There are 2 protein chains.
Amino acid sequence: MANIQHVAKQAGVSVATVSRVLNNITTVSPKTRLKVESAIKDLNYEPSMLGRNLRNSESRLLLVLIPSISNPFYTEIINGIENTAIANNYNILLCETDSNPQRENIYFNMIKNKLADGVISMDPAVNMQKLNELAEQYPIIQCSEYEEGGSIPYVTIDNELAAYRAVKHLIKLGNKRIALINSDEKFLYARQRRNGYERALKEFDLPIREEWICNTNQLDFENGIQAMRKLLQQPEKPSAVFAVSDTLAIGALKEINASQLKVPDDIALIGFDKISFSNMTNPTLTTVSQPMYKMGSTAANMLIGSIKGNKVESIILDHELVIRESTMG
Amino acid sequence: MANIQHVAKQAGVSVATVSRVLNNITTVSPKTRLKVESAIKDLNYEPSMLGRNLRNSESRLLLVLIPSISNPFYTEIINGIENTAIANNYNILLCETDSNPQRENIYFNMIKNKLADGVISMDPAVNMQKLNELAEQYPIIQCSEYEEGGSIPYVTIDNELAAYRAVKHLIKLGNKRIALINSDEKFLYARQRRNGYERALKEFDLPIREEWICNTNQLDFENGIQAMRKLLQQPEKPSAVFAVSDTLAIGALKEINASQLKVPDDIALIGFDKISFSNMTNPTLTTVSQPMYKMGSTAANMLIGSIKGNKVESIILDHELVIRESTMG
DNA sequence: ATCGTATTTGTAATCGATTACAAAAAATAA
DNA sequence: TTATTTTTTGTAATCGATTACAAATACGAT
């Protein structure tokens with residue numbers, strides 16, 4: 001593999017001149033530029049990022065932390081991040097943490113090691129203490145999930161309001177027995193969505209009944225099935241269910257079908273995230289749509305700004321209730 | 001940020017000694033080792049991978065090229081790759097190429113730039129000429145999709161046999177009019193699966209009818225819907241459909257339902273990949289299961305072996321037909 | 001031709017690590 | 001104690017780039 005020295009020798013110039021050509025410095029005469037360029041072609045030379053990064057102490061790589069790539073919620077966000085990054089001459093390193101502190105550590109070290117210039121964290125289970133420590137020295141943005149009152153800039157939606165609107169929609173349809181399938185309330189978004197759920201119920205003088213509130217450990221289909229099974233075993237069954245993710249809602253739908261009930265006639269159902277599957281179920285799923293692509297691109301822009309040294313402000317994006325068959329009596 | 005010099009000064013030793021401590025070389029006396037270790041702690045020092053990699057010309061990073069992270073088929077494979085990589089002290093860089101040559105180039109350059117030590121390519125649309133060129137100088141493995149008769153080692157399944165078995169299963173159920181929803185036949189797996197489909201039909205003296213063979217550009221749900229719509233417009237409708245991916249099959253199922261037909265009674269349906277959503281549809285989807293995790297871990301092991309300089313052989317893994325409701329009359 | 005200025009090119013330090021080799025210190029033998 | 005061997009530590013080159021500064025060259029004006 002040719003290096004800058006070889007090119008310099010081949011072109012009969014110094015390494016400095018080669019470097020100038022590589023970096024488009026104007027102070028190179030057209031003749032020498034041509035000589036160097038042809039030497040570069042001859043030797044099939046590619047500059048080493050390692051040497052360059054070491055000297056410049058930048059890698060133009062952005063770390064993206066996600067708990068799991070199998071959650072379709074993240075795919076559009078990542079597209080947004082990636083396109084924005086590439087447009088700004090950055091690349092992204094997709095890091096699946098599995099919400100595992102050890103893996104998290106590996107990736108945090110990459111930042112400290114200057115192998116990446118900044119981090120976008122989407123892991124709701126991230127170790128906030130470590131993330132905050134890191135944020136003192138390195139550019140970090142949180143996307144979707146964040147720390148309330150924390151100092152790390154974030155981009156997200158108003159989860160409380162979104163949940164409130166979803167539940168209000170169910171109430172307006174005449175439902176009085178509305179269940180909630182929530183994830184673990186150690187996550188901020190879960191607490192916020194529960195708050196929205198409760199606010200809507202209170203506003204319409206409906207009771208909040210603990211037996212209609214299920215919490216799941218994860219967001220897999222199977223968790224939705226289990227939760228729905230529990231709800232259907234209640235002496236008084238709910239007439240509507242709000243699930244905090246489409247995957248949970250799809251599991252719930254499966255279980256409702258299995259027990260010979262019909263959505264939406266027997267039970268109305270709302271999910272969250274508008275993943276692509278949510279339009280493939282039968283009936284199609286009413287859901288809350290987050291501007292995922294925009295969320296990703298916004299996060300990337302914030303991070304790149306932050307790397308440049310700009311002060312960046314947190315942003316709350318709009319959401320939208322997408323009404324489909326699962327709530328259309 | 002502290003560097004090795006600072007640590008050396010703080011500990012009152014030379015940088016060489018610090019490096020020895022970092023790399024667990026035995027020739028360091030316990031006293032000095034302790035001094036150095038406490039200096040490292042005091043200064044919160046983390047060695048820079050940039051400096052280290054430049055010197056060692058290795059990055060311990062593996063590139064994983066996938067066309068799109070939104071295809072759930074890849075998630076388990078990636079898990080297999082990632083776990084194996086981490087177990088061997090490597091990390092992975094997940095690269096979404098969107099089958100876009102420009103992006104592909106970016107990632108190929110990372111290899112040339114020594115920012116990564118090897119590549120696992122899963123992109124069926126990868127530029128094989130470039131990949132072959134790269135493979136002359138750097139360790140590369142293909143996973144799932146590969147080049148017939150090429151020289152790059154791969155891990156895959158026997159697509160022809162898998163398709164043959166799936167179609168044979170449909171025939172055994174009494175179906176005589178069997179359609180194929182295939183992806184673009186520029187992809188090897190698509191050609192192989194078509195061959196398996198045709199072999200099964202021929203073996204049972206069933207005619208191969210072009211109007212029952214659909215090719216789609218992509219593997220999205222929407223493509224499955226469109227393909228099925230075409231098939232249902234045929235004067236003679238098929239009684240069974242074999243789709244080369246679960247996503248296509250799920251789209252087809254949606255369209256079948258929409259036209260008031262029943263799966264499996266009116267039309268039997270088989271998919272491919274056993275993605276998690278294939279068990280959430282109604283009816284659940286018969287599908288071909290690939291050993292995805294194993295495929296990933298095998299590919300990673302092959303790549304790591306290849307980086308070490310071992311000669312690695314291509315591997316063909318077993319598949320399995322998972323019979324579920326969509327073919328249970 | 002001479003001088004001054006502007007442009008172009010080269011020299012060498014630098015980024016942060018590793019490591020061959022040399023030197024110093026400690027351990028052992030005589 | 002002195003000589004010899006072994007263990008430990010330090011010096012300095014190296015990886016492949018960038019860049020401040022110096023040197024060389026070209027260009028104009030007088």
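Naming: A, B, ... by sequence-line order, numbering from 1 per chain. Not measured: the values here are computed from a predicted model.
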Distance in angstrom units between [X] [atom1] and [N] [atom2], rounded:
X: B:Gln5; N: C:dA13; atom1: CD; atom2: P; result: 15 Å
X: B:Asn24; N: C:dT18; atom1: CG; atom2: P; result: 11 Å
X: A:Lys9; N: C:dG10; atom1: NZ; atom2: P; result: 15 Å
X: A:His6; N: D:dG16; atom1: NE2; atom2: P; result: 8 Å

Just compare [options] and give me whichever is closest to any side-chain atom of [X].
X: B:Pro47; options: C:dA17, C:dA12, C:dT18; value: C:dA17
X: B:Arg55; options: D:dA17, C:dA17, C:dT9; value: C:dA17
X: A:Ile4; options: D:dG10, C:dG16, D:dG16; value: D:dG16
X: A:Ser29; options: C:dT11, C:dT8, C:dG16; value: C:dT8

What is the distance from atom [atom1] of [X] to atom [atom2] of [Y], rounded to the nearest 0.5 Å?
X: B:Leu303; Y: B:Ile81; atom1: CG; atom2: CD1; value: 9.0 Å
X: B:Arg60; Y: B:Ile92; atom1: CZ; atom2: CD1; value: 15.0 Å
X: A:Asn100; Y: A:Ser68; atom1: CG; atom2: OG; value: 12.5 Å

> Looking at D:dT18, does its base get a donor-acceptor pair with the side chain of A:Arg52 below 3.5 Å?
Replying inline: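 Checked by distance alone, the answer is no.
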> Tell me, which of residues 16-23 of chain A have any heavy atom that sits under 4.0 Å from an atom in DNA chain C?
Replying inline: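 Per residue number, the list reads A:Ala16, A:Thr17, A:Arg20.
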>> What's A:Leu50 touching, base or sugar-phosphate or nothing? Going by heavy atoms closer than 4.0 Å.
In response: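 It contacts nothing in the nucleic acid.
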>> Before you tell me yes or no, could you show the steps for A:Ser183 and A:Tyr189 under side chain to side chain donor-acceptor pair (under 3.5 Å), namely the whole-Å CA-CA distance, both residues' side-chain angles and the distance that decides it to 0.1 Å?
In response: CA-CA 9 Å; A:Ser183 67; A:Tyr189 77 90; 2.9 Å; yes
>> List the residues meeting salt bridge (Lys or Arg N to Asp or Glu O under 4.0 Å) with A:Lys35, not counting sequence neighbours, and say none if there are none.
In response: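 Salt bridge (Lys or Arg N to Asp or Glu O under 4.0 Å) check on A:Lys35 returns nothing, list empty.
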>> Is B:Ser48 close enough to C:dG16 that one of its side-chain N or O atoms is under 4.0 Å from OP1 or OP2 there?
In response: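 No, B:Ser48 has no side-chain N/O under 4.0 Å of OP1/OP2 on C:dG16.
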>> Using a 3.5 Å distance criterion without hydrogens, assess whether the side chain of B:Thr298 forms a donor-acceptor pair with backbone atoms of B:Lys294.
In response: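 Yes.
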>> Applying side chain to side chain donor-acceptor pair (under 3.5 Å) to B:Glu58 and B:Asn53, what does each step give before you reach the verdict?
In response: CA-CA 5 Å; B:Glu58 72 162 11; B:Asn53 293 351; over 6 Å; no
>> Could you tell me if A:Tyr293 and A:Asn83 have a donor-acceptor pair between their side chains, going purely by distance under 3.5 Å?
In response: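 Judged by distance alone, the side chains do pair up.
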> Without hydrogens or angle criteria, can the side chains of B:Asp123 and B:Thr97 be said to hold a donor-acceptor pair below 3.5 Å?
Replying inline: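 Note: B:Asp123 and B:Thr97 side chains meet the donor-acceptor criterion.
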> Of B:Gly51 and B:Lys31, whose nearest nucleotide on DNA chain D comes first from the 5' end?
Replying inline: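 First, find each residue's nearest nucleotide; the 5'-ward one identifies B:Lys31.
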>> With nearest nucleotide decided by heavy atoms, which residue, B:Asn56 or B:Pro30, maps closer to the 5′ end of DNA chain D?
In response: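 The answer here is B:Pro30.
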> Quick one: bend of the helix from C:dA1-D:dT30 to C:dA30-D:dT1 from 5 pairs per end, to 10°?
Replying inline: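 Result, rounded to 10 degrees: 50°.
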